[in-house]
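A note on names: the letters A, B, ... follow the listed sequences, proteins ahead of strands, and every chain is numbered from 1. As a basis for the values below, the full set of heavy atoms in this structure was taken, side chains included, without hydrogen atoms, waters or symmetry mates.
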Number of protein chains: 4
Amino acid sequence: MNSRSPSTLIADTGRGNEAAILNAALEAFGTKGFNGASMRDVAKGAGTGLSNLYNYFPSKSQLLAEVLRHANDELYARVRRAVEEAGDDAASRMREAVRAYVGFVVDHQVATVVATSEVRYLEQGDRQRLVAERDATQALFEEIVAQGIAGGEFRTPYGKDAARAILSMIAAVAYWYHRDGRLSRGQLAEQQARYALAMLEAPLAN
Amino acid sequence: MNSRSPSTLIADTGRGNEAAILNAALEAFGTKGFNGASMRDVAKGAGTGLSNLYNYFPSKSQLLAEVLRHANDELYARVRRAVEEAGDDAASRMREAVRAYVGFVVDHQVATVVATSEVRYLEQGDRQRLVAERDATQALFEEIVAQGIAGGEFRTPYGKDAARAILSMIAAVAYWYHRDGRLSRGQLAEQQARYALAMLEAPLAN
Amino acid sequence: MNSRSPSTLIADTGRGNEAAILNAALEAFGTKGFNGASMRDVAKGAGTGLSNLYNYFPSKSQLLAEVLRHANDELYARVRRAVEEAGDDAASRMREAVRAYVGFVVDHQVATVVATSEVRYLEQGDRQRLVAERDATQALFEEIVAQGIAGGEFRTPYGKDAARAILSMIAAVAYWYHRDGRLSRGQLAEQQARYALAMLEAPLAN
Amino acid sequence: MNSRSPSTLIADTGRGNEAAILNAALEAFGTKGFNGASMRDVAKGAGTGLSNLYNYFPSKSQLLAEVLRHANDELYARVRRAVEEAGDDAASRMREAVRAYVGFVVDHQVATVVATSEVRYLEQGDRQRLVAERDATQALFEEIVAQGIAGGEFRTPYGKDAARAILSMIAAVAYWYHRDGRLSRGQLAEQQARYALAMLEAPLAN
DNA sequence: GATGAATGAGATTTCATTCAT
DNA sequence: AATGAATGAAATCTCATTCAT
């Protein structure tokens, strides 16, 4: 359980206005894109002055990097915890991993969109670091797939590639899901889990 | 068969420099994003003067709209033709539709990326028109799914949703595929087709 | 003879507002220093818009570089012509070289000040080029000194060093000379020539 | 004799970080110019916080004024002492004055450069005070020149003007001298003294 | 259709300085 | 005396777009 709203990605960091700035940046980058959003937009959203942003982050690009780092951390933590708390068989673990990922995507749609479509605006070094963090999450899925294939639960001939396909599919949900639409969070998660297991060619549960 | 390189999306339009401008715009928007690319970048890429761009397109936004229209047209045409030339059963048609879509994504990775991540920068009217065109392509897939479900070939309980999931999965290929990488075009298409049919819960062919 | 005012360093270059911008930049940099003057100051002085400056020069630093190049060219040309038109003996040639240099300093006080105190704000490459051009002028003086020493006209034991000392002495005039002050152009030039020949330990003319 | 390094102009002032700040300011203004250096640069160089600077000096401009005052004081003291300790004839006194000046320039090249090229950025009042202090040093030279002319030792027809020319020549040394270069401190001083006496048209010593 | 010059708005970033603690 | 956060102004530079030719 988390004390703050699920849609506020970054909690207080104990340093002045930092969290407000990060959340405002996320919002701005999500709404207008990294290059479409201005530092003024961010400042306005954070309720502070433009120049004050630079007391916290040395550049717009670094600000984006921090936002994405927080997002990745949260996503990784959610998936990891879900896998740890799941049963022992690969199918249960995959199901829980997918549910956790979908939960993150739905709670933080904006962050998911930003993380997938604005990474390229990072500076070289930050981008590499970010990709590495993202790969860590992907590795959690790959391990489950490998376990499932080894144990005969999954019959797909495409191990790692299937994991990647699953992740893209889930992340894409962020682009169209509406909280008040036809599908509830739970239904959505259920669908995605079923797609994922089907892609891995796990025999249907029932 | 197409006489021009598969990586040049827009062929001569019979109007001076128009095609060169459109292709340069695609390249620029793909590399730097719509807001990151400047009209100067486009002009340079097209080998013409900055102000000359405005003899062809009234604004940057309209230029993007035209680029995306061309991309959507080509995608739609490819998928439609593939479906028409396929067999009668839903599985074959789905397989060919996926192969055609994957072919487009691989031939026009940049266009695919631009089409998915820069649409939001269009003006209201253009965006609606674009989304409608995109929906037309999606409808081709939905029809096949409906046919397959009606005929008992596909057992998924999620019809339209599955179609959307398949399309997102395929489009995401544009973000990571490398022409000289491990997977050939054919292998990639084969994988995606298999994922798609699995998601639809079609019994395995063999 | 020069058709333009002696205090306007840069004549029309045949490219729009270029000359006006260069002269305005010289004036601004001279009055407030390179870092103290803003591009707005320059634009205002040139009677054009701020952003238009960047159609002519890619950066403030490059603008300074161009200004200094023009100044150096003019100085070099004046000294060179003076030496060529002078008599054959080293003393006469030195005298004329000094008079020409003093003439430049007086006609273009601002340019002289800028050239000596703002060079350091150039980017690496431009600075080296500038220093090389300045050395060319210095070389003209060094040659005369060498000739004078070889011919016994100058008895200083410090050849090249004396040339440098002379040039610094003359350039420093730009910092205090007032056109309407006690000393006329001619008197000033006469003084400086006498100092120079004395430093070289040439026997007094009379 | 001075207990601190010759390159650290300002000794402890008995007031906390004051000396460190002054020396850091000198360094910063020397390296980047008054307008090019920021108060942050100074703070960093002094190893203290930015806002703490304002506990010592009310403004950047006043900080420059203090730096220059210290530099002028030291220069004046050196020259004055040298003259007092010199012989009675004008030539000896001039020789020692020049040596002292050259010594200062070499020990404090940065301070010399700052003193000559950044004075203009002082506020009106400070500038006048500074110029007055500088004139005091110049007066020391002028007195010697006057004495020499009166006594027939110097035959130059240009008294005061020659003193100024000498001072500019010496100060300019700061712009090019390298401690590890071809000329030692002593050789340099010797050269400058010889130039000075020559300019004053004193008969050669030997 | 094409060019080169121009413009006004706005981008990111830096600055000197102040305030509360 | 010292710190960290904040501010408003101003800096350089870029942008999409227009105009005259």
Side-chain angles (χ1 to χ4, degrees), chain A residues 15-18 20-21 32 34-43 46-63, chain B residues 15-18 20-21 34-43 46-64, chain C residues 15-18 20-21 32 34-43 46-63, chain D residues 15-18 20-21 34-43 46-64:
Chain A
R15 197 193 162 212
N17 265 333
E18 195 176 39
I21 293 171
K32 306 186 167 187
F34 177 71
N35 279 310
S38 74
M39 289 299 264
R40 250 191 187 86
D41 292 333
V42 175
T48 185
L50 167 60
S51 54
N52 195 27
L53 300 184
Y54 291 86
N55 290 324
Y56 293 89
F57 305 97
S59 71
K60 192 187 181 188
S61 174
Q62 283 280 330
L63 176 52
Chain B
R15 195 187 165 217
N17 273 330
E18 196 176 40
I21 293 172
F34 177 71
N35 279 308
S38 71
M39 290 298 265
R40 269 183 171 86
D41 291 332
V42 175
T48 183
L50 168 61
S51 40
N52 195 26
L53 300 183
Y54 291 88
N55 287 322
Y56 291 89
F57 304 97
S59 72
K60 192 186 180 190
S61 177
Q62 282 286 327
L63 177 51
L64 173 61
Chain C
R15 196 193 162 212
N17 265 334
E18 195 175 40
I21 293 172
K32 306 187 166 185
F34 177 71
N35 279 310
S38 73
M39 289 298 264
R40 250 192 188 83
D41 291 333
V42 175
T48 184
L50 167 59
S51 53
N52 195 25
L53 300 184
Y54 292 87
N55 290 325
Y56 293 89
F57 306 96
S59 71
K60 193 187 180 188
S61 174
Q62 282 282 330
L63 175 52
Chain D
R15 194 188 166 217
N17 272 331
E18 195 176 42
I21 293 172
F34 176 71
N35 279 308
S38 72
M39 290 298 265
R40 270 183 171 87
D41 291 332
V42 175
T48 183
L50 168 61
S51 40
N52 195 26
L53 299 183
Y54 292 87
N55 288 321
Y56 291 88
F57 305 96
S59 73
K60 192 187 181 190
S61 177
Q62 282 285 325
L63 177 50
L64 173 62

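Counting to the nearest Å, the P atom of dT14(E) and the CZ atom of Phe34(D) are 19 Å from each other. In this structure, Met39(A) places its CE atom 14 Å from P of dA6(F), rounding to the nearest Å. In this entry the distance linking CG of Asn55(B) with C1' of dA20(F) reads 13 Å, nearest Å. Between the C1' atom of dT14(E) and the CG atom of Asn35(C) lies a distance of 12 Å, rounded to the nearest Å. For Phe57(A) and dT14(E), the CZ to P distance is 15 Å, given to the nearest whole Å.
Checked against dT13(E), dA5(E), dT14(E), the side chain of Asn52(C) finds its nearest nucleotide in dA5(E). Each of dG1(E), dT7(F), dT17(F) was ranked by its minimum atom distance to the side chain of Lys60(B); first place goes to dT17(F). Among the nucleotides dT18(E), dT14(F), dA16(F), the one closest to any side-chain atom of Arg40(B) is dA16(F). Of the candidates dA5(E), dT7(F), dT7(E), dT7(F) carries the atom nearest the Ser51(A) side chain, counting heavy atoms from C-beta on.
The residue among Leu50(A) and Tyr56(A) whose nearest nucleotide of DNA chain F is located toward the 5' end is Tyr56(A). Residue whose closest nucleotide on DNA chain F sits further toward the 5' end, between Pro58(C) and Leu53(A): Leu53(A). Along DNA chain E, the nucleotide nearest Ser59(A) and the nucleotide nearest Gly49(B) are compared for position; the residue whose nucleotide lies closer to the 5' end is Gly49(B).
Considering all non-hydrogen atoms of both residues, Tyr56(B) and Glu18(B) come closest at CE2-N, 3.7 Å. Gln62(A) and Pro58(A) get closest at one heavy-atom pair: CG-CG, 3.7 Å. Of all non-hydrogen atoms in Ile21(C) and Val42(C), the two that sit nearest each other are O-CG1, 4.0 Å. The minimum heavy-atom distance linking Met39(D) with Leu53(D) is given by the pair O-CD1, 3.4 Å. Nearest heavy-atom pair across Ala46(C) and Ala20(C) is CB-O, 3.7 Å.
In this model, the phosphate group of dG4(F) is not approached by any side-chain N or O of Arg15(A) to a distance below 4.0 Å at OP1 or OP2. The phosphate of dT7(F) (OP1 or OP2) has a side-chain N or O of Thr48(A) nearer than 4.0 angstrom. At dA6(E), one or more side-chain N or O atoms of Asn17(C) fall inside 4.0 Å of OP1 or OP2 (strictly under the cut-off). Of the side-chain N and O atoms in Tyr54(C), none sit less than 4.0 angstrom from OP1 or OP2 of dT14(F).
We find the CG-OG1 distance between Asn52(A) and Thr48(A) to be 4.0 Å, quoted to the nearest 0.5 Å.
In DNA chain F, runs of at least 3 consecutive Watson-Crick or G-U pairs, each pair with both distances below 3.5 Å, span E:2-21 with F:2-21.
Residues Ser38(A) and Asp41(A) have side chains in contact (heavy-atom distance under 4.5 Å, counting atoms from C-beta outward).
Residue contacts shown for Ala43(D) are absent, as no nucleic acid heavy atom lies under 4.0 Å away.
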